[in-house]
Amino acid sequence: MVRIKHRYLLLDILYPDPTTWPRRHPPASTSSSSSSTIPQLQIHAPTSDALTPSLLAKLVREQVAELFGDWGVGRLGGAGAGGVSVKYLSPATSTAIIRCPRASFRLVWTALTCLEAVPEVDQAGGGRNPALTRRCVVRVVRVSGTMRKAEEEAIRRARREVLKVRGGGAFGAGAADDDGVLEGLVGGFAEGVLGGVEVDDVMEEGLSDDGL
């Protein structure tokens, strides 16, 4: 039996805002650590709960259709075939893992790069407003042949960001506390299962054939 090959794209949703970047010459009362930490938290801000895994997959499919037309949709397996699926989405860390067919992962990567906004919750109306969006930048940070490799990279990057914000810089005295923070943010990774999705132990293969 032929095994259908997929690619898993690990992505970060970033919120850069030029109006909040630190000034070239900060006031004397502002320390260098605080001036660098605040923009770090703003760029890696949490994502609204209005963005669900099914909605993110729909946005990717719509973006592929807009960029590549019917040909692109066909490469994903058709509009209703579910060729693109979100296996993990964490609003707290603005991180997601998307699975797509190996032959068309570059189309999905391009669509994610061109995605400019995500849904936002209407605080005044107390619910989801389809017209309300938040501008963002989606950055694909890893393309893997298995879910496990994407999980490991997500944990590594989350640990690095926690240490950077807390000023640890390296694994040291605060490593135990940081592990506790990570367990709360990406606790689903600990058991190697994300929402009931089994992790494939098959070794990552074929990336060199895809030019990566």
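- Considering all non-hydrogen atoms of both residues, Leu89 and Leu51 come closest at CD2-O, 3.3 Å.
- Interatomic distance, CD1 of Ile13 versus CG of Leu112, reported as 9.0 Å (0.5 Å rounding).
- Between Ala57 and Val86, the closest heavy-atom pair is N-CG2, 3.8 Å.
- Going from atom CD1 of Ile43 over to atom SG of Cys136 covers 13.0 Å, rounded to the nearest 0.5 Å.
- Between atom CG of residue Asp49 and atom CD of residue Glu120 there is a gap of 9.5 Å, rounded to the nearest 0.5 Å.
- For the 3.5 Å distance criterion, the side chains of Ser144 and Arg142 qualify, holding a donor opposite an acceptor.
- With Arg7 contributing its side chain and Val143 its backbone, the two residues share no donor-acceptor pair below 3.5 Å.
- Taking every heavy atom of both residues into account, Ala154 and Leu10 meet most closely at N-CD2, 3.6 Å.
- Every residue meeting the salt bridge (Lys or Arg N to Asp or Glu O under 4.0 Å) condition with Arg157, not counting sequence neighbours, appears here in chain and number order: Asp12, Glu153.
- Scanning all heavy atoms of the two residues, the minimum distance from Tyr8 to Ala150 falls at CB-CB, 4.4 Å.
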| Worked verdict on Val84 versus Val64 for side-chain contact (heavy atoms from CB on, under 4.5 Å) | CA-CA 11 Å; Val84 175; Val64 170; 6.0 Å; no
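- A side-chain N or O of Tyr15 and one of Thr47 form a donor-acceptor pair less than 3.5 Å apart.
- Summarising the geometry of Ala45 relative to Ser94, their closest heavy-atom pair is O-OG, 2.6 Å, with the distance given to 0.1 Å.
- Counting only distance, with no hydrogens or angles, the side chain of Arg75 and the backbone of Ala103 share a donor-acceptor pair below 3.5 Å.
- One finds the CZ atom of Arg99 at 12.0 Å from the CD1 atom of Ile97 (value rounded to the nearest 0.5 Å).
- For Arg134, the side chain to side chain donor-acceptor pair (under 3.5 Å) test picks out no residue, with sequence neighbours left out.
- The two residues Gly83 and Pro101 make their nearest non-hydrogen contact at O-CD, 3.1 Å.
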| said: Pair Leu67, Leu107 - check side-chain contact (heavy atoms from CB on, under 4.5 Å), show working. | reply: CA-CA 9 Å; Leu67 294 172; Leu107 301 185; over 6 Å; no
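- Partners of Ser104 under the side chain to side chain donor-acceptor pair (under 3.5 Å) rule, at least two apart in sequence or in another chain, do not exist in this structure.
- Taking Glu62 as the reference, Lys58, Leu59 meet the side-chain contact (heavy atoms from CB on, under 4.5 Å) condition, with sequence neighbours excluded.
- Partners of Ser54 according to the side-chain contact (heavy atoms from CB on, under 4.5 Å) rule, which considers only residues two or more places apart in sequence or in another chain, are Thr52.
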